[in-house]
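Throughout, numbering of the chain's residues begins at 1 and tracks the sequence. Order of appearance sets the numbers: ligands from 1, and atoms from 1 within every ligand.
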Amino acid sequence: MGATIARLFAGHGHEVTAWNRSAGKADALAPLGVRAAASAAQAIAASDAVVLIVADYRAADAILHGPGIAQAARGKLFINLGTGSPGDARAAEAWAGRHGARHLDGAIQAAPSQMGQPDTPILLSGAKPAWDQAQPLLAALGGGNLYLGEDVAAAATMDLATLSYVYGAFLGFIHGARMAETQGLDVAQYGRIVHRISPSFGAFFEHEAKVIAAGDFGITESPLRISIEATARILRESQAAGLDARVPALSAALFAEADRAGLGGEEAAALIKLLR
Ligand SMILES: NC(=O)c1ccc[n+]([C@@H]2O[C@H](COP(=O)([O-])OP(=O)(O)OC[C@H]3O[C@@H](n4cnc5c(N)ncnc54)[C@H](OP(=O)(O)O)[C@@H]3O)[C@@H](O)[C@H]2O)c1
């Protein structure tokens, strides 16, 4: 990801100095016009803005505790685009504050090959002056940058929230693949169907989020009753087919509980009331 980001910055006419722990990896970027620094401190000293993109915040911390960093950091903007927790983001902002620097926190929601596209999504949060300074620079990485406000932990929190959605859907997806293969259906075709229905389910989830935000659970799109019956049916059929039913058992149990709580006549998003 670091090499991709350096290439995109260089391609947009920025002067880029790169440093990587393993010698030689930054040198390999020379044909793109990227200068290699001999140390992290030298790389930080070379620019007003510093993008950190290493494995995690522990790795970033190890770098930032290195020799010469404290002097080089003063007055600089640090943008950490590595994946981390809300606590990591707060600690990084505090470190920048102690060193007379600014910190903007980011979470990249794309693979390296998807970077630099008009809709490449990067979530960002931190003090407004840091965002204002970073915005023109980050435009080189894609057009889908989203500033979530001054709470520095917002980008990491939203990253976790969207990943929660992705992994919930992935569990259901894998169980569905088992249902298809057990019945001798073409699993590749199942994947194509899932791809085809995903945009409309995305729009449906966006609607359900608006329902939650507004707090009005009157039925507008999908009564919760439908999901109670659907999840019970998936569980029943999975058990009848002798499949590992752990995934449908979880969703059927949650919806059955919602039924007992009298939520069946509300919009599907009312399920959140169980979790509050
Ligand atoms: N790749 C993706 O699809 C993707 C998508 C979204 C977000 N991200 C995030 O981007 C960040 C980088 O991911 P990546 O895909 O570039 O991973 P990667 O290819 O494994 O690269 C990890 C980088 O971190 C460096 N590093 C690891 N431990 C270090 C340490 N203790 N001190 C100094 N440097 C250290 C590595 O240096 P060496 O080269 O010396 O090993 C390397 O430059 C991660 O936080 C990841 O979650 C990646």
In terms of its nearest heavy atom to atom 35 (C) of ligand 1, the top option of R21, K25, M1, R58 is R21
Looking at side-chain heavy atoms only, is the closest gap between F9 and V51 below 4.5 Å? yes
Heavy-atom nearest neighbour of atom 45 (O) of ligand 1 within options A23, A18, S22, A55: A55
Answer yes or no for atom 21 (O) of ligand 1: protein heavy atom present at a distance under 4.0 Å? no
Take every heavy atom of G84, measure it against each atom of ligand 1, and state whether any distance is under 4.0 Å. no
For W131 and Y147, take the angle between the two ring planes, folded into 0 to 90°, and tell me which bin it lands in: parallel under 30, tilted 30 to 60, perpendicular over 60. parallel
I'd like to know if A62 contacts ligand 1, where contact means a heavy-atom distance under 4.0 Å to any ligand atom. no
With rounding to the nearest 0.5 angstrom, report the CZ to CD1 distance, R102 to I79. 11.5 Å
Same cluster or not: L52 versus V152, using hydrophobic residues (I, L, V, M, F, W, Y) connected whenever any side-chain heavy atoms lie under 4.5 Å apart? no
Under 4.0 Å from a heavy atom of G82: which atoms of ligand 1 are those, numbered in the order shown and with their elements? 45 (O)
Would you kindly confirm whether L123 and I53 end up in one hydrophobic cluster when ILVMFWY residues are joined by side chain heavy atoms under 4.5 Å apart? no
Test of understanding: given a 4.0 Å heavy-atom threshold, classify the contact between A110 and ligand 1 as side chain, backbone, both, or neither. backbone
Strictly by modelled atom types, are Q109 and D159 linked by a side-chain donor-acceptor pair under 3.5 Å? yes
Heavy atom of protein closer than 4.0 angstrom to atom 17 (O) of ligand 1: no
